Chemist: 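Below is the structure I would like to discuss, written out as structure tokens.
Values below: all heavy atoms of this structure, side chains included; hydrogens, waters and symmetry mates excluded. From a predicted model like this one, the values you see are computed outputs, not experimental measurements. Throughout, a chain's letter reflects where its sequence line sits, starting with A, and its residues are numbered from 1.
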Protein chains: 2
Amino acid sequence: MPRAGLTTERLIQAGAELADEEGFDQVTVSALARRFDVRVASLYSHVKNSGALRTGIALLALRELADRGSAALAGRSGKDALTALGDVYRDYARQHPGRYAAAQLRLAPEDAAASAGPRHSRMIRAILRGYDLTEPDQTHAVRLLGSVFHGFVTMEGGGSFDHSSPAAAETWPRILDALDALLRNWPAAPTTP
Amino acid sequence: MPRAGLTTERLIQAGAELADEEGFDQVTVSALARRFDVRVASLYSHVKNSGALRTGIALLALRELADRGSAALAGRSGKDALTALGDVYRDYARQHPGRYAAAQLRLAPEDAAASAGPRHSRMIRAILRGYDLTEPDQTHAVRLLGSVFHGFVTMEGGGSFDHSSPAAAETWPRILDALDALLRNWPAAPTTP
DNA sequence: TGCATTTGCCTAAAGGGTTTAGGCAAATGT
DNA sequence: ACATTTGCCTAAACCCTTTAGGCAAATGCA
């Protein structure tokens with residue numbers, strides 16, 4: 001019998017597709033073996049274990065997302081940049097829900113450090129250069145933007161906005177407007193007397 | 001041998017504790033049976049299946065969270081109310097990470113409708129009565145607040161803020177300040193020419 | 001109190017996912 | 001053509017889920 005041509009990369013890639021189609025929690029070594037029409041044990045030469053597979057998908061998603069972000073940010077600043085990056089997150093989560101879920105996996109410190117995670121912080125911080133914020137307000141604002149992007153995208157994906165009008169698609173640009181207005185007018189730290 | 005005194009409620013309660021201690025994805029019928037020192041099959045008289053157990057924990061968490069929210073909101077308005085509700089979410093997620101994760105479970109439509117979910121929307125909407133917003137901006141603002149609360153709390157719980165200064169605890173009140181400022185000065189919808 | 005019914009927890013068994021050990025065959029290099 | 005490496009296999013152990021059917025404890029009723 002000819003060989004299937006398994007590779008760590010191919011497995012992770014297929015795992016990402018499986019995640020998008022069936023959900024990240026359905027990503028299993030067994031399901032992946034079925035997809036390659038191969039016995040389960042065969043995958044263990046290419047992937048340490050089930051966790052490593054999931055981690056691989058998470059790292060792929062973080063990288064893809066960061067790549068899209070960099071591309072979208074190129075040549076933009078201010079509200080343009082804010083909108084562009086926000087749209088990247090939302091679009092990615094809608095197109096690749098399984099991968100987006102994977103990107104939320106809690107990584108081991110070594111994996112996290114080697115991941116594209118830090119690129120994400122840097123991208124958001126880059127956006128803030130178009131606004132007039134200094135530390136520590138800049139860090140607070142980075143965290144606010146991260147929270148809004150992630151929060152909105154997961155709630156939309158989870159169907160939280162399905163039972164009220166208008167559609168989430170109408171809210172999104174208004175949230176970006178609001179964030180832009182807020183960043184242009186960031187409130188000073190209250191003086192503690 | 002005497003009986004263990006199993007009950008659907010007791011199982012869900014213990015499942016919630018297990019979730020907080022070991023993580024929501026470690027909540028398993030087997031683990032729960034071990035905790036009650038009982039055979040696995042015995043639980044199936046009280047819980048339809050593994051999914052129903054998890055759903056039960058999710059509904060419990062949503063209810064507890066809504067109860068805390070109502071209590072915190074009583075007699076407060078404006079920024080006081082905003083801070084109180086935000087703190088409820090953050091504190092609950094920190095004290096009960098497993099339950100909080102459970103509350104994010106995607107529910108079947110019937111379960112969702114019967115859950116405390118709608119109470120959450122109503123609480124946030126109640127806060128907005130202290131600000132000067134009319135529909136559809138009010139809905140947009142509800143969604144923004146939900147996104148920020150949920151986004152911040154999950155990112156903090158996921159360790160996203162662990163590798164930068166200052167501590168997340170310092171950012172949180174500044175985010176509430178910022179949201180208050182934003183709601184008091186909500187930008188009008190741009191006129192589409 | 002004694003007996004019948006209900007209820008609760010049990011054993012048994014089948015099905016699926018994970019993981020390791022060890023084997024044979026396909027690919028690769030000389 | 002042959003030796004080595006590599007890739008996928010079988011086999012087996014372990015854990016979680018779920019159903020079927022049984023026995024004993026609790027409960028209700030005379």
Chemist: Answer with yes or no after comparing the ring centroid distance for A:Phe24 and A:Tyr100 against a 6.0 Å cut-off, counting only values under it.
Modeler: no
Chemist: Taking the side chain of A:Val40 as heavy atoms from C-beta outward, which of C:dT19, C:dC10, D:dT17 is closest to it?
Modeler: C:dT19
Chemist: What's the CZ-P distance between A:Arg54 and C:dT19, to the nearest Å?
Modeler: 8 Å
Chemist: Do the side-chain N or O atoms of B:Ser42 get closer than 4.0 angstrom to the phosphate oxygens (OP1, OP2) of C:dG8?
Modeler: no
Chemist: Quickly work out the A:Arg39 CZ to C:dG22 C1' distance and round it to whole Å.
Modeler: 17 Å
Chemist: Strictly below 4.0 Å: does A:Ser45 bring a side-chain N or O up to OP1 or OP2 of D:dC8?
Modeler: no
Chemist: Is it the case that B:Arg63 and B:Ser115 place a side-chain donor and acceptor less than 3.5 Å from each other?
Modeler: no
Chemist: For the pair made of CG in B:Leu18 and P in D:dC16, what is the distance, rounded to whole Å?
Modeler: 11 Å
Chemist: B:His46 side chain N/O closer than 4.0 Å to the phosphate oxygens (OP1, OP2) of C:dC9?
Modeler: yes
Chemist: Measure from CG on A:Asp37 to P on D:dG7 and round the result to the nearest Å.
Modeler: 19 Å
Chemist: Report the distance from atom CG of B:Leu6 to atom P of C:dC10, rounded to the nearest whole Å.
Modeler: 8 Å
Chemist: For the residue pair B:Leu43 and B:Val29, what are the closest heavy atoms and their distance?
Modeler: CD1-O, 3.5 Å
Chemist: Side-chain N or O of A:Arg34 less than 4.0 angstrom from OP1 or OP2 on C:dG17?
Modeler: yes
Chemist: Classify the angle between the aromatic ring planes of A:Tyr89 and A:His120 as parallel (below 30°), tilted (30 to 60°) or perpendicular (above 60°).
Modeler: tilted
Chemist: Please determine whether a side-chain nitrogen or oxygen atom of B:Thr28 lies at a distance below 4.0 Å from atom OP1 or OP2 of D:dT17.
Modeler: yes
Chemist: Quickly work out the B:Leu43 CG to D:dT17 C1' distance and round it to whole Å.
Modeler: 11 Å
Chemist: Quickly work out the B:Leu32 CG to C:dC9 C1' distance and round it to whole Å.
Modeler: 15 Å
Chemist: How many whole angstroms separate atom CG of B:Asp25 from atom P of D:dT17?
Modeler: 12 Å
